[in-house]
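Lettering follows sequence order; numbering is per chain, from 1. Just so it is clear, the model here is predicted, and its values are computed rather than measured.
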Amino acid sequence: DAGITQSPRHKVTETGTPVTLRCHQTENHRYMYWYRQDPGHGLRLIHYSYGVKDTDKGEVSDGYSVSRSKTEDFLLTLESATSSQTSVYFCAISDPGLSEQFFGPGTRLTVL
Amino acid sequence: GQSLEQPSEVTAVEGAIVQINCTYQTSGFYGLSWYQQHDGGAPTFLSYNALDGLEETGRFSSFLSRSDSYGYLLLQELQMKDSASYFCAVRDPQAAGNKLTFGGGTRVLVKP
């Protein structure tokens with residue numbers, strides 16, 4: 001398995017609080033992604049990174065920001081969490097020349 | 001933009017064959033991928049088709065017709081462990097970083 005970890009694995013928070021999710025990889029892959037998964041919607045891309053300090057928005061980026069200051073870490077921040085951001089969040093990695101993405105174990109976030 | 005359509009659910013018995021269809025509309029095309037996800041788990045890569053035709057990997061095969069914007073995943077000799085969700089995905093050729101758009105997923109239920 002690709003070396004990808006996500007922390008925390010579970011989190012319950014209250015509306016209006018800031019939340020940061022961390023994705024860490026040991027594969028030295030250049031590309032990293034954050035997805036959310038909700039029933040009936042499959043996997044939707046929030047933000048992705050194609051290099052250190054190079055990021056771009058996905059299809060559901062409103063309310064989220066990301067940072068990547070080094071190859072191995074990609075942070076997803078919810079500045080002020082809302083109940084609509086209750087979801088399972090997956091991080092993934094890939095590299096130039098690869099046709100696949102490798103996914104982390106996921107973080108279940110509940111916003112009350 | 002990219003959009004993909006696949007059936008929401010398929011039910012079959014052990015030993016049977018299941019075909020999961022995926023139709024896509026894209027502004028460009030690099031290839032069609034398939035991922036498997038068991039309940040509570042992370043998506044894992046199954047196959048990738050860049051060219052027309054059938055790719056076989058054990059009991060699973062994937063087919064692509066670029067002229068029809070259509071592909072399918074064929075699951076043969078179904079086993080209980082094949083009960084999972086299956087997602088097709090296309091890569092956005094106009095974006096950096098192997099960016100993928102996923103279909104909504106097909107839930108496959110295998111019955112004894």
Side-chain angles (χ1 to χ4, degrees), chain A residues 1-6 9-10 23 25 27 29-61 66 68 71 74 87-108, chain B residues 1-9 20 22-27 29-51 55 57 60 62 64 71 84-108:
Chain A
D1 291 340
I4 315 170
T5 56
Q6 293 183 228
R9 294 293 313 280
H10 301 272
C23 178
Q25 60 144 330
E27 303 298 317
H29 281 3
R30 181 174 176 180
Y31 306 143
M32 299 186 75
Y33 316 82
W34 276 108
Y35 294 90
R36 61 176 291 172
Q37 186 172 39
D38 306 289
H41 289 279
L43 291 154
R44 292 184 292 176
L45 184 66
I46 305 171
H47 283 279
Y48 67 104
S49 169
Y50 47 93
V52 174
K53 298 187 179 178
D54 291 322
T55 64
D56 205 351
K57 296 179 180 180
E59 60 180 307
V60 290
S61 59
V66 290
R68 190 169 179 204
T71 300
F74 193 31
S87 188
V88 178
Y89 292 85
F90 285 101
C91 173
I93 64 174
S94 189
D95 220 24
L98 295 181
S99 55
E100 62 198 279
Q101 293 184 5
F102 302 94
F103 284 79
T107 294
R108 183 172 296 275
Chain B
Q2 326 274 332
S3 68
L4 300 95
E5 293 289 332
Q6 52 181 126
S8 59
E9 191 170 302
I20 303 170
C22 176
T23 57
Y24 57 86
Q25 291 184 329
T26 61
S27 54
F29 185 76
Y30 266 169
L32 185 70
S33 301
W34 289 93
Y35 286 77
Q36 179 191 59
Q37 184 182 27
H38 288 99
D39 284 349
T44 57
F45 174 80
L46 287 177
S47 67
Y48 174 72
N49 293 66
L51 302 176
E55 297 276 347
T57 307
F60 293 0
S62 56
L64 175 65
S85 293
Y86 295 83
F87 297 89
C88 57
V90 293
R91 179 180 163 188
D92 183 348
Q94 298 178 358
N98 289 353
K99 178 186 173 188
L100 294 178
T101 299
F102 285 83
T106 299
R107 188 175 183 87
V108 173

| Can you list the steps and then say if A/Leu98 with B/Tyr48 is a side-chain contact (heavy atoms from CB on, under 4.5 Å)? | CA-CA 10 Å; A/Leu98 295 181; B/Tyr48 174 72; over 6 Å; no
Which heavy atom of [X] sits nearest to which heavy atom of [Y], and what is that distance?
{"X": "B/Gln37", "Y": "A/Gln37", "result": "OE1-NE2, 2.8 Å"}
{"X": "A/Pro105", "Y": "B/Ala42", "result": "CA-CB, 4.4 Å"}
{"X": "B/Asn98", "Y": "A/Asp95", "result": "ND2-O, 3.1 Å"}

| To the nearest 0.5 Å, what is the distance between NZ (B/Lys99) and OH (A/Tyr31)? | 13.5 Å
| field | B/Asn49 side, atom CG; A/Ser99 side, atom OG - distance, nearest 0.5 Å | value | 10.0 Å
| note | In terms of heavy-atom pairs under 4.5 Å with chain B, the winner among A/Arg30, A/Gln101, A/Glu59 is A/Gln101
| message | Can you confirm whether more than 12 heavy atoms, excluding those of A/Arg108, are under 6.0 Å from its CZ atom? | response | no
| field | CA sep, side-chain torsions, deciding dist, call: B/Tyr35, A/Glu100, side-chain contact (heavy atoms from CB on, under 4.5 Å) | value | CA-CA 9 Å; B/Tyr35 286 77; A/Glu100 62 198 279; 4.0 Å; yes
| Side chain, backbone, both or neither: which part of B/Leu100 has an atom under 4.5 Å from a heavy atom of chain A? | both
| request: Give, as side chain, backbone, both or neither, the part of A/Leu43 having an atom under 4.5 angstrom from any heavy atom of chain B. | output: both
